[in-house]
Amino acid sequence: MKRFNIAIDGPAGAGKSTIAKLVAKKTGFIYVDTGAMYRAIALFMLEHEIAPGDEQAVSQAVKEVKITLCYEDGIQQVICNGENVSGRIRTEEVGNAASAVSAYPATRGHLLALQRELAASQNVIMDGRDIGTCILPDADVKIYLTASTGVRALRRCKELTDKGIMCNLEEIEQDIRERDERDQNRAVSPLRQAEDALLIDSSDLTVNQVIDKILQAAASRGLQIP
Ligand code: DC
């Protein structure tokens with residue numbers, strides 16, 4: 001049976017995961033967070049003292065990394081070589097390392113089949129950087145979700161402080177700029193808007209307004225929302 005796939009791409013901190021989780025709930029789709037897979041690979045490298053900037057070493061070591069996903073109470077869990085690492089991949093250090101290791105063809109190739117299989121076997125809303133351009137070029141709905149750098153930095157800061165983690169807004173904004181620069185300018189699958197993607201700038205929109213736009217796009221492609 002043909003599956004309905006929604007692809008959401010965009011830069012760090014644009015609100016992709018918040019939005020995708022809520023759309024998943026409304027549609028009954030499975031939410032697939034591909035950034036978490038790159039983060040799990042990055043964590044593996046950090047824990048094995050492999051420098052994220054060393055392409056050769058990362059490309060060799062990634063062959064030893066088996067990533068799978070499972071869901072607990074509807075929440076995605078990332079399993080890396082049999083161990084649930086979901087609680088350890090959300091730091092800025094791991095995010096920056098993920099941005100570095102995700103630039104290598106070996107890392108991307110390692111995750112491509114898994115991501116495509118997930119989308120082929122069920123209705124998914126999948127978020128990342130190259131879902132609409134590379135992983136699911138035939139996705140039924142493609143969204144490019146962005147927001148200004150300042151708004152994204154504020155959101156990231158709030159997310160961290162809500163978790164009790166101290167943060168510095170200027171440093172976060174600088175991190176976001178560097179991450180955008182790397183994600184957009186790498187040779188393999190750079191972050192960019194697919195030609196047929198709907199651009200949503202969420203800087204001045206509420207979460208519900210963004211969700212409505214996505215649901216409208218899905219409805220216009222024939223999705224009947226339960
Ligand atoms: O969305 P995130 O912050 O969890 O992603 C972490 C890094 O992983 C991000 O800087 C770029 C990379 N990434 C990617 O290259 N392709 C994806 N589909 C998802 C994430």
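Worth saying up front: this structure is predicted, and the values here are computed from it rather than measured. First listed ligand is number 1; within each ligand, the first listed atom is number 1. Quick note: residue numbers are just sequence positions, from 1. Basis for what follows: all heavy atoms, side chains included, without hydrogens, waters or symmetry-related copies.
- If you check which protein heavy atom lies closest to atom 18 (N) of ligand 1, you get Thr34 OG1, 2.9 Å.
- Among protein heavy atoms, the minimum distance from atom 9 (C) of ligand 1 is reached at Arg129 NH2, 3.3 Å.
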side-chain hydrogen bond (donor to acceptor under 3.5 Å, both in side chains) for Ser99 and Arg179? Distances and angles first, verdict last.
CA-CA 7 Å; Ser99 174; Arg179 187 109 67 96; 5.0 Å; no

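- In Asp204, the CG atom is not crowded: 12 or fewer heavy atoms of neighbouring residues, nucleotides or ligands sit closer than 6.0 Å.
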Thr91 vs Arg39, side-chain hydrogen bond (donor to acceptor under 3.5 Å, both in side chains): CA-CA, chis, key distance, verdict
CA-CA 9 Å; Thr91 63; Arg39 284 171 181 265; 6.0 Å; no

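- At a threshold of 4.5 Å between non-hydrogen side-chain atoms, the residues Val32 and Asp127 do not count as touching.
- Closest to atom 7 (C) of ligand 1 among all protein heavy atoms lies Ala98 CB, 3.7 Å.
- Of the listed options Glu92, Arg108, Arg90, Arg108 places a heavy atom closest to atom 15 (O) of ligand 1.
- Both the backbone and the side chain of Ser99 come within 4.0 Å of ligand 1, judged by heavy-atom distances.
- Residue Arg39 touches ligand 1 through its side chain alone, judged by heavy-atom distances below 4.0 Å.
- The shortest N or O to N or O distance between Asp130 and ligand 1 is under 3.5 Å.
- Checking only distances, Tyr38 never comes within under 3.5 Å of ligand 1, N or O to N or O.
- Classification of Asp33 and Lys21 as a salt-bridged pair fails, no side-chain N sitting under 4.0 Å from a carboxylate O.
- One finds a salt bridge joining Glu83 and Arg88 here, because a Lys/Arg side-chain nitrogen approaches an Asp/Glu carboxylate oxygen to under 4.0 Å.
- If you look at Arg186 next to ligand 1, the close heavy atoms, those under 4.0 Å, all belong to the side chain.
- Heavy-atom contacts of Arg156 reach the following atoms of ligand 1: 3 (O) (cutoff under 4.0 Å).
- Ion pair Asp9/Arg129 not flagged as a salt bridge, since none of the NZ, NE, NH1 or NH2 atoms sits closer than 4.0 Å to an Asp/Glu carboxylate oxygen.
- Listed by number with element, the atoms of ligand 1 under 4.0 Å from a non-hydrogen atom of Asp183 are 9 (C), 10 (O), 11 (C).
- In terms of protein heavy atoms, atom 12 (C) of ligand 1 is closest to Ser102 OG, 3.4 Å.
- Here the side chain of Asn123 pairs a donor or acceptor atom with the backbone of Phe4 at under 3.5 angstrom.
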